[in-house]
Number of protein chains: 2
Amino acid sequence: MAPDPRHDEGEFLANYDPRDYDPVAVTVDVVALTIRDGALHVLLVRRGTAPYAGMWALPGGFVQAGGPLQGHDAEDLPAAAVRELAEETGLSAKGGALGRVHLEQLGTYGTPGRDPRMRVISVAYLAFAPELPDPEAGGDAADAAWVAVGALGLTEAAGQRPGTTRRLAFDHARILADGLERARAKLEYTPLATAFCGGEFTIPELRAVYEAVWGEELHAGNFHRKVLSVPGFVESTGATSDRGGRRGGPRPRLYRPGDARLLHPALLRPSREEEIR
Amino acid sequence: MAPDPRHDEGEFLANYDPRDYDPVAVTVDVVALTIRDGALHVLLVRRGTAPYAGMWALPGGFVQAGGPLQGHDAEDLPAAAVRELAEETGLSAKGGALGRVHLEQLGTYGTPGRDPRMRVISVAYLAFAPELPDPEAGGDAADAAWVAVGALGLTEAAGQRPGTTRRLAFDHARILADGLERARAKLEYTPLATAFCGGEFTIPELRAVYEAVWGEELHAGNFHRKVLSVPGFVESTGATSDRGGRRGGPRPRLYRPGDARLLHPALLRPSREEEIR
DNA sequence: TATGTTCTTCTCAGATCGAGATGAACTCAC
DNA sequence: GTGAGTTCATCTCGATCTGAGAAGAACATA
């Protein structure tokens with residue numbers, strides 16, 4: 001059995017000075033999505049400090065590296081994402097409102113010049129949350145709010161659109177666009193839409209999530225059949241909602257998330273003519 | 001029209017010292033895949049310097065940050081991936097053997113302690129290449145070779161398997177496993193399999209790519225029908241291969257990649273019973 | 001009570017799928 | 001050269017899945 005190489009390099013480590021290299025900073029940014037009033041919303045903060053002070057941006061900040069010894073204050077990347085989300089929005093992390101959010105890595109953005117201060121590599125995370133309370137600004141944020149994605153005037157290709165209603169700091173418009181596309185794709189073949197609902201939900205509520213994220217209406221009957229036919233997508237609670245639809249209709253049945261991690265068969269978006277290309 | 005915030009922060013930048021923060025290093029690692037002798041291979045290098053000297057690892061190295069001014073020597077992340085690939089393997093970058101490779105970001109790995117020297121954030125890239133010549137070691141690499149993925153004794157869950165034939169340095173076994181799963185998934189709904197072939201290929205050659213990556217045999221007749229029925233997947237050259245199969249059979253027709261970026265309908269893997277879970 | 005809305009299930013034609021069969025083209029052994 | 005075995009390309013067939021619409025029951029509102 002080979003010795004653990006980490007105990008075999010004392011001399012090397014003693015002569016090693018990380019400051020010999022050009023400095024690089026690592027940040028995390030979070031694209032947090034939720035459904036409010038039937039529309040897709042993203043969590044934004046207004047920057048209180050330079051650069052881009054006063055502009056809206058994705059919540060995020062520097063990762064605590066923990067120094068060369070990588071001690072107890074060195075934090076993992078997902079932990080940094082949750083911490084920034086909690087700090088800048090006042091949403092409590094563990095057990096609280098942030099307890100049930102789904103978090104996954106979206107991608108890493110490191111083009112030189114994307115931050116005027118220095119070379120910054122930003123690891124973006126994507127969060128799916130059920131309806132959360134209004135955030136309270138904290139940390140470096142001067143303000144924080146859920147903003148309807150449709151109100152941002154983003155087109156799918158809009159990285160830097162001049163006529164946009166509200167431009168975002170850094171390259172956050174591009175990160176947000178990538179996050180939205182990832183969310184739309186993930187709804188097709190994973191049961192992640194249930195992460196937008198609470199613990200129990202109805203099929204029409206689930207359909208509303210798909211319609212909000214995809215931005216198009218779905219055939220109610222076919223959607224119902226499809227969801228129930230995918231094994232492990234949802235499981236019945238046996239109970240019935242206490243109210244019908246807002247404008248009438250019978251009381252829908254209640255379901256909770258099943259144990260499937262992938263949908264088989266998948267729920268494909270109806271209009272995908274761009275992809276034939 | 002708002003002023004560009006980057007010209008509005010001279011005072012801030014003058015007082016800003018990046019070295020006030022704990023140092024972090026950013027590296028790129030590349031999972032380069034190709035098909036050799038009908039089997040999936042990954043490009044590995046043997047490390048010539050500590051840590052993990054003598055062990056096999058994914059090709060990769062530090063990103064050139066370019067200092068606080070982010071001058072001309074600051075390189076983008078994909079450029080760093082291509083440079084490391086060229087340096088450590090002797091494969092020429094532009095126009096040469098690396099000219100036709102498909103490169104995409106795989107994910108970022110930053111768990112504290114994954115590198116004993118300091119806090120290292122590694123951005124992993126995934127490369128698909130047609131059959132390339134044998135690499136020549138260079139840079140920090142003592143050796144470089146295409147290694148059959150099957151010979152690594154990886155199971156899909158193997159992050160740190162003791163009984164593995166050849167253990168990889170750092171957390172590269174996990175990165176490789178993630179890359180393999182990404183490759184398998186991407187063959188389903190993108191025409192990326194054509195990136196493993198040269199400029200022209202036959203349907204049976206394309207089928208061999210799918211079988212090598214997925215590790216299972218496919219129904220030749222159904223595969224043929226499926227590929228030709230997906231719009232934009234392949235387009236006929238009108239020509240015919242000059243040789244039939246190795247053990248007989250008619251000469252197959254030649255095709256080249258089409259202009260589709262997504263496959264509709266998708267080619268789904270036959271055996272996916274894990275995913276029902 | 002009447003009207004409109006919504007949930008849930010059903011029907012039906014068209015598309016797609018897996019599995020197998022077929023005939024022609026080609027290599028190799030004899 | 002002949003025959004046996006292999007492979008490409010296409011076709012068939014029943015089972016499954018899909019989109020579009022219809023229908024009945026349950027519910028809100030006027």
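Please read all numbers here as calculations on a predicted model, not as lab measurements. To find a chain, count down the sequence lines: A is the first, B the second, and so on, and within it residues start at 1.
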Original post:
Rounded to the Å, how far apart are A:R269 CZ and D:dT18 P?
Top reply: 16 Å
Original post:
What is the distance from CG of B:L263 to P of C:dT16, rounded to the nearest Å?
Top reply: 14 Å
Original post:
Which pairs count as salt bridge (charged side-chain N to carboxylate O under 4.0 Å, His left out) when at least one residue sits in residues 212-241 of chain B, sequence neighbours excluded?
Top reply: B:E235-B:R256
**OP:** Look at A:R251 and D:dA26 and indicate whether a side-chain polar atom (N or O) is within less than 4.0 Å of OP1 or OP2.
**Re:** no
Subject >> Side-chain heavy-atom pair B:I35, B:V213 within 4.5 angstrom cut-off >> reply: yes
Subject >> Heavy-atom check, side chain of A:L180 versus side chain of A:V31, under 4.5 Å >> reply: no
**OP:** Tell me which residues in residues 197-213 of chain A put a heavy atom below 4.0 Å from DNA chain C, sorted by number, or none.
**Re:** A:P204, A:R207
Subject >> Closest heavy-atom pair and its distance - A:L192, A:K186 >> reply: CD2-CD, 4.0 Å
Original post:
Is it true that B:D178 and B:R182 have a side-chain N and a carboxylate O under 4.0 angstrom from each other?
Top reply: no
Original post:
Roughly how many Å is it from CG in B:L218 to P in D:dT7, rounded to a whole number?
Top reply: 15 Å
Subject >> Spacing between B:L228 atom CG and C:dC17 atom P, to the nearest angstrom >> reply: 13 Å
Subject >> Residues that B:F196 engages under ring-ring contact (aromatic ring centres under 6.0 Å, His included), provided they are two or more places apart >> reply: B:F128
Original post:
In whole angstroms, how far is the C1' atom of D:dC27 from the CZ atom of A:R253?
Top reply: 15 Å
**OP:** Quick one: which residue pairs count as a side chain to side chain donor-acceptor pair (under 3.5 Å) with a foot in residues 201-210 of chain A, not counting sequence neighbours?
**Re:** none
**OP:** Check the distance between D:dG21's C1' and A:E217's CD and give it to me in whole angstrom.
**Re:** 16 Å
Subject >> B:E104 atom CD: more than 12 heavy-atom contacts under 6.0 Å >> reply: yes
**OP:** Check each residue of residues 219-227 of chain A for a non-hydrogen atom within less than 4.0 Å of any atom in DNA chain C, then write out the ones that pass by number, or none.
**Re:** A:G221, A:H224
Original post:
How many Å lie between CG on A:L268 and C1' on D:dG19, as a whole number?
Top reply: 13 Å
Subject >> Among D:dA9, C:dT5, D:dT6, the one nearest A:R247 by side-chain distance >> reply: C:dT5
Subject >> Partners passing side chain to side chain contact (heavy atoms under 4.5 Å, CB included) against B:T240 (at least two apart in sequence or in another chain) >> reply: B:R251
